[in-house]
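Worksheet: one structure, shown below.
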Amino acid sequence: MTVISSFSKRLGSVVKEIGQKKGFGGWYGPHMAAAERAIRERISMVDLVVEVRDARVQIPIASAFEPARHDIHSSKHMIILNKMDLADCSLTEEWTMHFQKQNHICLGVNSHNNDSIKQLLNVVKKRTKDLKVDEIQDTATATVLLVGIPNVGKSAIANSMHLIGRMDAAEKGKLKHAVVSPQPGETRDISSYKIASHPNIYVFDTPGVLSAEIADDDSGSKLALTGAIKDSLIGECNLARFLLAVLSSSDVYKRWEGLKCAFDQMLSSDTQAGKFVGSDQKRRRRYDSDHTQDFIVRNVRQTLFKSISSFKLHLEEEEEMERFIDAAFTALCEPLRILNESEEDRYNAVALKLLNLYRTGRLGRYTLDLVPRNVQVSRD
């Protein structure tokens, strides 16, 4: 077993234990159970079920919507891989082709990109038209159900489809807005949004449902890291420690080697050219605590590069991985401007900011599951 697998299983076992606490203390409470029943009741009533998955976590036991396996006929089932802007592009393409080979309609999506949403709308329109071929097209109303586990971006997709669909139809009137939050479980009810006219198409946004029974430890850790489960249930520091193990096992950090040198050369060039850089320095002082600023993100990347590089030859040993993670937590305090708190508070603050940078793509693109070798699809 590799060190990263050991860390994954350790965190995953915590996730499975929490999942067994149905109701208070777990994520699958009475409200989620009621939401799952309501979704199951509507599946047979709609024309198309669009299952939203996280492009970073593709193994079906991890990011799949459990009722989709049993309740949805394949002809009215479509899979979209959202957050493709946060995932490895080539692996998203491989996963898309993998699902298509299994006779699923599958599409990679970025819910914040208009062109991506327009492509999704066109696919949905064509599919609903094909499914309702025997009805009068201009008068037939089609319904689409968005389903998925928590925090995969269903509400963001519903909002974008609603906005672009209304604009394309040149319709007037007040737009509806689904609640969008980085925290899982914010959508509490099923709501409808009009996304097309002539014929009319309505999409139903639904609460996220994640089974209390996580199939394996590895899946649980990946779901937790990508935000499908509330961080407070697992512990931010536990998640950040696993994240650092993931970062150290990837080659993405190697791209950050020359960041500081390149930036210093740019500043030197600007100074020699007589450009005024004082306003940038003033802005830095004023917004010192904002960890999303480019110069802070650059410094975080540089610190991670140095920390990983200094331990890289020994990270196959679990004890050395633990030492690396402790050292990285300490080193990240400076670039993240966390200096005056107690050691426990500093670690918690580093964990929160590091998780945010990862989940918003500021630390690069990562896909946590590879397409199994026996099902990889050639792109020739």
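At a threshold of 4.0 Å, the pair R53-E51 counts as salt-bridged, since one of the basic side-chain nitrogens sits closer than that to a carboxylate oxygen. A salt bridge does not link R323 to D326: none of the charged side-chain nitrogens sits closer than 4.0 Å to a carboxylate oxygen. With respect to the salt-bridge test (charged N to carboxylate O, under 4.0 angstrom), the residues D294 and R298 do not qualify. Salt bridge status for K9 with E318: absent, with no side-chain N to carboxylate O gap under 4.0 Å. With respect to the salt-bridge test (charged N to carboxylate O, under 4.0 angstrom), the residues E41 and R37 do not qualify. Using a cutoff of 4.0 Å between basic side-chain nitrogens and carboxylate oxygens, D85 and R56 are not scored as salt-bridged.
Counting only heavy atoms from C-beta outward, the side chains of N110 and K83 never approach each other to under 4.5 Å. Looking at V109 and I117, their side chains come closer than 4.5 Å, going by heavy atoms from C-beta outward. Looking only at side-chain heavy atoms (C-beta outward), L304 and L244 come within less than 4.5 Å of each other. For the pair D216/S219, a side-chain contact is recorded, criterion being any heavy-atom separation below 4.5 Å from C-beta on. Within the 4.5 Å cutoff, no side-chain heavy atoms of L357 are placed close to those of K353. With contacts defined as side-chain heavy-atom distances shorter than 4.5 Å, the pair V152/D54 qualifies. The side-chain heavy atoms of S307 and F324, taken from C-beta on, include a pair separated by under 4.5 Å. With a 4.5 Å cut-off on side-chain heavy atoms, D47 and K76 do not count as touching.
Between the side chain of W95 and the backbone N or O of A55, no donor-acceptor pair lies under 3.5 Å. With hydrogens and angles ignored, the 3.5 Å screen pairs no side-chain donor or acceptor of R127 with any backbone N or O of N122. Proximity of a side-chain donor or acceptor of H162 to a complementary backbone N or O of K194 within less than 3.5 Å is detected. Between the side chain of T128 and the main chain of K125, a donor-acceptor pair closer than 3.5 Å is present. Panel note: side chain N238, backbone I234; a donor-acceptor pair is recorded below 3.5 Å. In this structure a side-chain-to-backbone donor-acceptor pair under 3.5 Å is present from Q293 to D290. Checking side-chain atoms of T226 against main-chain N and O of L223 turns up a donor-acceptor pair under 3.5 Å. Checked by atom type and distance alone, the side chain of N200 never pairs as donor or acceptor with a backbone atom of T141 at under 3.5 Å. For Q100 (side chain) and C106 (main-chain N/O), a donor-acceptor pair under 3.5 Å exists by modelled atom type. Proximity of a side-chain donor or acceptor of K154 to a complementary backbone N or O of V52 within less than 3.5 Å is not detected.
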Test log, rule side chain to side chain contact (heavy atoms under 4.5 Å, CB included), inputs T303 and V300: CA-CA 5 Å; T303 299; V300 167; 5.7 Å; no
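Around the NE2 atom of H112, the shell of radius 6.0 Å holds no more than 12 heavy atoms that belong to other residues, nucleotides or ligands. Counting heavy-atom neighbours within 6.0 Å of E322 CD, excluding the residue itself, gives a total above 12.
In this structure, R241 fails the cation-pi test against Y347, since its NZ or CZ atom is not both closer than 6.0 Å to the six-membered ring centre and inside 45 degrees of the ring normal.
S13 and D217 are not linked by any side-chain donor-acceptor pair at a separation below 3.5 angstrom, with hydrogens and angles left out of the test. Between the side chains of S5 and T2, at least one donor N or O lies within less than 3.5 Å of an accepting N or O.
For F242 and F7, the ring centers sit 6.0 Å or farther from each other.
With sequence neighbours left out, the side chain to side chain contact (heavy atoms under 4.5 Å, CB included) criterion links S250 to V252, Y366.
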